[in-house]
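Below you'll find the structure, written out as structure tokens, and then a few comments.
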Amino acid sequence: MPPKSNSHSKIQRPGRFPAGAFFVRALLVPLVAAALGAAPLPARASHPDASLPASTVATPPGQEELFPLWLPGPVPEAALAGAPAFRTEFRAEYPKEPWNGPGGDLPATFLQRGEFDRSGYKLLAEMGDLRLKQTRNTLQEAQGRGGRFSVLTGSSGSRGTLETFAAAGGHGTPGESLVGATGELSLLDDGARFKTIFLSGRKSLGREGRWPTAGERRGDVVGLVAQLEPLKGRLAAEAEYDYASYDANTSDPAAPLRDSAYRMKLSGGWGGSRYNALYERTGPRYRLMSDGPARDRQGGSFSVATALAAHGFDFKLSRYNDNLEHNPLSPRLYRYEGVFDYRFHGVRELPFALQYKKTFIDSAREPLGSLPREVAEDAVSGQVNLLAGSWDLGLRGGLSQRTDRRRQQRELTTTSVGFLPRFSAGSFSVVPDLSLKRIMDFSAAQRTDQYALNLGLTGKLLERRLDYELKGGYKRECTGGAGTGREVLGAKLKAVYPLARFFSWSRHPSLGLKGEYNEVNNLTDDRRENDFSLLISLEGGSFL
């Protein structure tokens, strides 16, 4: 049972949140008074997150590589009839496991938001814990505490927005900050969309965050994105160009690293079929403050997915290489890969899936003294499930083999099999699994065997009031002869009992129990390590 988050449309105990309280007193209260205290505007039906800026909108399913530039336009005048021009909202989410230490009664995240609407434009201001997301080559995802301000406007099928934000890393980490600005424009009813992105991040290198006396790490990136969709749903084109500057230490005389990255993509579909074609290139010195794309890499891929009645097919081809600037000390490696997936769900009680993958790795421009490399790898895997009432019996297996084509001999083989049963009856579930894996390294003449057994129990007791979860597992890894390898044993227990009928608190109180045990036995070195923890707490929330 997933944790519940508490969201509130009003401010609770503002004295405990200085940043949110200041935001309300200095900015929101005067405008609320101007709105004459009217009721909040109901959410628009045109988009579930119409009040959010484009950077917080999640990527739609099936378009992992296509970053949408959705622009929330102005509210129609009909929807504003009788509604206030200004609205505010406060949201708070409490910890999933509130007994992790003192301060568990405070929100894990909070966000104060204010909106001002007029005919033809909208102003949006946010302060608190922000979730920032741009493109894969600029900012995949980041969370920080700070503020954001957006201006949105548009009419007659054209929309535009300008957004600025500033946030500190984590929850106010000293010496770490991220600032940025984006501009978006949509034309022809979203048939053409353009976006510019600028981001600048800094992190102090001082032990205590004394920025910038001890030097700092700094990264800047500028991105340009264009999307065209002449045929809705059938043909969409995207192009992106990014330029990044990265300085590992601003206090040293070394020059920053500067490089560029770009990508182009075509996607679309007809009926139950979809296709994607992608070409991308990332320079060897392209680096971001956060996680970014793989550097020194270029290539492309093409994939097709289709569904025919009870059958599903996915096919993908790709080709990539590294060493873009022809470094004479390293060879250039080419990687060719083809993947074929098949799924069958014609029999509801017996669905299964198969996958075959073929990979080639070749080298070129080898430096003096280095041998050419030609490797081929084949991998086959599959899974089948038997659904019988409360039982779900799953069986999966896989086999892979890597071969040196120059020597015509095997280098490595891997064989695995797993049994995954599951039993569910009402609120009670039992999830055991057993897996076996063998790795044969022919180049080192070594065999490794791995065995793993796990068991999980979840359910409710005491008239469905007590939620509990119990997990345990054992893993053995053996390399070489007897008495080698290691053993791992672990167990976890979580339970929570509501106490609402005993206490009249503002939040639902509960009694929680959390225990954990881990043991690692290194047979090769004859060394054993273990740890155990047990926590009991009285809190105002439930984690299950």
Side-chain angles (χ1 to χ4, degrees), residues 44 46-47 49-60 63 65-75 113-127 130-144 146-167 177-202 218-229 236-245 258 260-265 286 288-290 292-293:
R44 288 179 290 164
S46 60
H47 195 280
D49 292 324
S51 64
L52 298 178
S55 61
T56 62
V57 178
T59 304
Q63 298 186 13
E65 301 294 340
L66 185 62
F67 297 94
L69 302 183
W70 179 80
L71 306 179
V75 179
R113 173 182 297 148
E115 294 182 21
F116 181 78
D117 286 318
R118 281 301 184 192
S119 177
Y121 69 92
K122 174 192 287 188
L123 302 179
L124 172 65
E126 294 177 307
M127 179 175 289
L130 304 179
R131 178 175 176 266
L132 306 173
K133 184 176 182 180
Q134 298 299 328
T135 67
R136 189 181 64 178
N137 287 359
T138 55
L139 179 64
Q140 297 188 24
E141 185 173 359
Q143 295 181 352
R148 172 164 43 200
F149 181 77
S150 304
V151 180
L152 305 96
T153 184
S155 61
S156 303
S158 301
R159 294 173 293 174
T161 180
L162 177 63
E163 175 183 296
T164 61
F165 55 86
S177 63
L178 174 66
V179 297
T182 64
E184 303 180 17
L185 179 64
S186 174
L187 305 173
L188 305 175
D189 292 329
D190 291 341
R193 300 182 293 275
F194 306 93
K195 182 174 183 178
T196 60
I197 303 170
F198 171 74
L199 300 171
S200 179
R202 299 184 180 185
R218 176 172 180 174
D220 303 322
V221 60
V222 178
L224 303 174
V225 186
Q227 294 179 359
L228 301 177
E229 195 170 359
E238 177 189 3
E240 177 181 357
Y241 177 83
D242 307 283
Y243 183 82
S245 174
R258 297 184 175 91
S260 61
Y262 58 83
R263 57 196 305 271
M264 295 173 287
K265 181 180 180 181
Y286 189 86
L288 306 176
M289 290 288 292
S290 58

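- When atom types are taken as modelled, the side chain of Thr161 and the backbone of Glu184 share no donor-acceptor pair closer than 3.5 angstrom.
- Looking at every heavy atom in both residues, Leu130 comes nearest to Gly146 through CD1-C, 3.9 Å.
- Side-chain contact between Lys122 and Phe116 is absent, with no heavy-atom pair separated by less than 4.5 Å.
- Heavy atoms only, all atoms of each residue included: Pro293 and Arg136 are closest at CD-O, 3.7 Å.
- Residues Leu178 and Leu132 form a side-chain contact, since some pair of their non-hydrogen atoms from C-beta on lies under 4.5 Å apart.
- Using modelled atom types, one finds no donor on one side chain facing an acceptor on the other under 3.5 Å when comparing Lys195 with Gln227.
- A donor and an acceptor atom, one from each side chain of Asp220 and Ser200, are located under 3.5 Å apart.
- Electrostatic pairing of Glu126 and Arg148 counts as a salt bridge here, judged by a charged N lying under 4.0 Å from a carboxylate O.
- A salt bridge links Asp190 and Arg159; the closest N-O separation between the charged side-chain nitrogens and carboxylate oxygens is under 4.0 Å.
- For the pair Met289/Arg202, no side-chain contact is recorded, criterion being any heavy-atom separation below 4.5 Å from C-beta on.
- Contact record, Gly180 with Leu199: CA-CD2, 4.0 Å, taken as the closest heavy-atom pair.
- Of all the heavy atoms in Tyr262 and Tyr241, the pair that sits closest is CB-CD1, 4.0 Å.
- For the atom pair Thr182 OG1 and Glu163 CD, the distance stands at 4.0 Å (nearest 0.5 Å).
- Residues Asn137 and Ala261 approach most closely at ND2-CB, 4.1 Å, considering heavy atoms.
- Rounding to the nearest 0.5 angstrom, the gap separating the NZ atom in Lys133 from the OG1 atom in Thr138 is 11.0 Å.
- Gln140 and Ser290 share no donor-acceptor pair across their side chains, judged by distance under 3.5 Å alone.
- A distance of 4.0 Å separates CZ of Arg258 from OG of Ser245, quoted to the nearest 0.5 Å.
- Looking at heavy atoms from C-beta onward, Thr135 lies in side-chain contact with Glu240 at the 4.5 angstrom threshold.
- Note that CG of Leu185 and CG of Leu162 are 12.0 Å apart. Values are rounded to the nearest 0.5 Å.
- With rounding to the nearest 0.5 angstrom, the CD atom of Glu229 is 11.0 Å from the CD atom of Glu238.
- Nearest heavy-atom pair, Asp242 versus Gly223, reported as atom, atom and distance to 0.1 Å: OD1-CA, 3.2 Å.
- Two residues are said to be in side-chain contact when any heavy atoms from C-beta on lie closer than 4.5 Å; Val221 and Tyr286 meet this criterion.
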